[in-house]
Amino acid sequence: MSDLKQIIKKLQHYEIRIRKAINSQMQGDFHSVFKGSGLIFDDVRTYQYGDDVRHIDWHASAKGHGTFIKTFKEEKEQNIFFILDVSASQEIGKENNQKIDVSKEICGVLTLSAVKEDSSTGLLCFSDKKEKYIKPDKGIKHGYEMINTLFNLKPSSLKTDINKAMSLALSFTKRKSMMVIISDFLDENYERNLKAIARKHDLIVIHIADDRETQLPNLGIIPLYEKESKQTVWVNTSSKHFRKNIDQYYQGGREELQNICKRNNANYLYINTKEDYVPKLIKLFKIRNKYRK
């Protein structure tokens, strides 16, 4: 419990840093980051000449007291739904600063930010199956319960299936929401559902990486243990061909994901575990505020 208290204290500190930075800028305020972007039904009133006939409430009009039209108001609240990769490939990096640790922290910081703005927050943790689902709800108590669940979660599977996770998220979330996907994206064939989420929701993709994946020490032929497959493979770390292939695999995957996000109007954020991720989150929020004006 003491460890969790320290984690929450750290997340609160980061959340305050982000909030102060956003509120001090001319681009907007922190509230607009989690503000709804659509219109929701408000009431009905008597039809007037010039009103859009597509907004006629036929159910109310059928009662015989006149023709009524639906009125709408700006949606002030936002549903924030986090899709978090907890597979074994996330367990790379320095102790207490692995990809999974950074991913959970980012999810926790954004959860605190969202609940303080009276937004509903929900969570789907995945491997190659649903590891944990928390239905969206409001309130600081719900936020802390979500963070507690997040940091105490022990996945039952080591594998990854991003496409399946996105399909689940689409089925869970019917109302337009802000969807935040946090993963190392070391998987294939998920592009179709990524595009589907971007079309239906306000999508933020947070891509987590660690230098240990590409900057292997030059040790000659060594065994590497692959956690997801539970297999050991021997590789020649001194081979220029091997090192070039590794670089191309990770760099190519990053560029492809970034381009998909750009083409589908989704925000893309790349974070290395060695970085202080708070300035990058601040920059992301500033960009989002700018385009909401």
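Starting from 1, each residue takes its place in the sequence as its number.
When all heavy atoms are compared, the tightest approach of C125 to L153 is CB-CD2, 3.6 Å. Between I106 and I208, the shortest heavy-atom contact is CD1-CD1, 3.9 Å. Contact between S157 and K129 at its shortest, heavy atoms only, is CB-CE, 4.1 Å. Of all heavy-atom pairs spanning S103 and Q90, the tightest one is OG-NE2, 3.1 Å.
No side-chain N or O of N193 forms a donor-acceptor pair with one of S167 less than 3.5 Å apart. When only modelled atom types and interatomic distance are considered, S156 and E131 share a side-chain donor-acceptor pair under 3.5 Å. Between the side chains of D128 and T160, no donor-acceptor pair is found at a separation under 3.5 Å.
Not a single donor-acceptor pair under 3.5 Å links the side chain of Q6 to the backbone N or O of D3. Judged by distance alone, with hydrogens and angles left aside, the side-chain atoms of H201 form a donor-acceptor pair with the main-chain N or O of S177 at under 3.5 Å. Between the N97 side chain and the T273 main chain, a donor and an acceptor come within less than 3.5 Å of each other. Panel note: side chain S127, backbone L158; no donor-acceptor pair is recorded below 3.5 Å. Of the possible donor and acceptor atoms, none in the side chain of E256 sits under 3.5 Å from a partner among the backbone N and O of G253. For the pair K176 (side chain) and D202 (backbone), a donor-acceptor distance under 3.5 Å is absent. In this structure a side-chain-to-backbone donor-acceptor pair under 3.5 Å is present from D161 to K164. In this structure, S87 contributes its side chain and D85 its backbone to no donor-acceptor pair below 3.5 Å.
Within a 6.0 Å sphere centred on CZ of R192, heavy atoms belonging to other residues, nucleotides or ligands number 12 at most. By the 6.0 Å contact criterion, NZ on K132 is open, its count of non-hydrogen atoms from other residues, nucleotides or ligands being 12 or less. When the shell of 6.0 Å around NZ of K116 is examined, it contains more than 12 heavy atoms from other residues, nucleotides or ligands.
Under a 4.0 Å N-O distance rule, the pair E191/K195 does not qualify as a salt bridge. With respect to the salt-bridge test (charged N to carboxylate O, under 4.0 angstrom), the residues K99 and D184 qualify. Between K138 and D118 a salt bridge is recorded (basic side-chain N to carboxylate O distance below 4.0 Å). Look at D276 and R17 and you find a salt bridge, because one of the NZ, NE, NH1 or NH2 atoms lies within 4.0 Å of a carboxylate O, short of that distance.
Note that CD of E255 is 4.5 Å distant from CD of Q251, once rounded to the nearest 0.5 Å. To the nearest 0.5 Å, the span separating CZ on R212 from NZ on K94 amounts to 7.0 Å.
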Go through it in stages, so that I can follow the logic: the residues are E117 and R19, the test is salt bridge (charged side-chain N to carboxylate O under 4.0 Å, His left out), and I'd like the CA-CA distance, side-chain angles, deciding distance and then a yes or no. CA-CA 11 Å; E117 297 302 328; R19 185 176 296 274; 2.6 Å; yes

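The residue from V115, T121, L112, V109 that alone fulfils the side-chain contact (heavy atoms from CB on, under 4.5 Å) condition with I147 is L112.
Side-chain contact between L281 and I18: present, with at least one pair of heavy atoms (C-beta onward) separated by less than 4.5 Å. Contact of the R263 side chain with the N259 side chain is registered, since non-hydrogen atoms from C-beta on lie closer than 4.5 Å. V180 has its side chain within reach of M178: a pair of non-hydrogen atoms, C-beta onward, lies under 4.5 Å apart. Contact annotation: the side chain of T149 never approaches that of Y144 to less than 4.5 Å [non-hydrogen atoms, C-beta and beyond].
Its side chain within the 4.5 Å cluster rule, I181 clusters with F81, I83, L124, F126, Y133, I162, M166, L168, L170, F172, M179, F185, Y190, L194, I197, L203, V205, L257, I260, Y268, Y270 among the Ile, Leu, Val, Met, Phe, Trp and Tyr residues.
Here K274 pairs with D211 under the salt bridge (charged side-chain N to carboxylate O under 4.0 Å, His left out) rule; sequence neighbours left out.
Put simply, L11 and I16 are part of two different groups of oily side chains (I, L, V, M, F, W, Y) that touch within less than 4.5 Å, one to the next.
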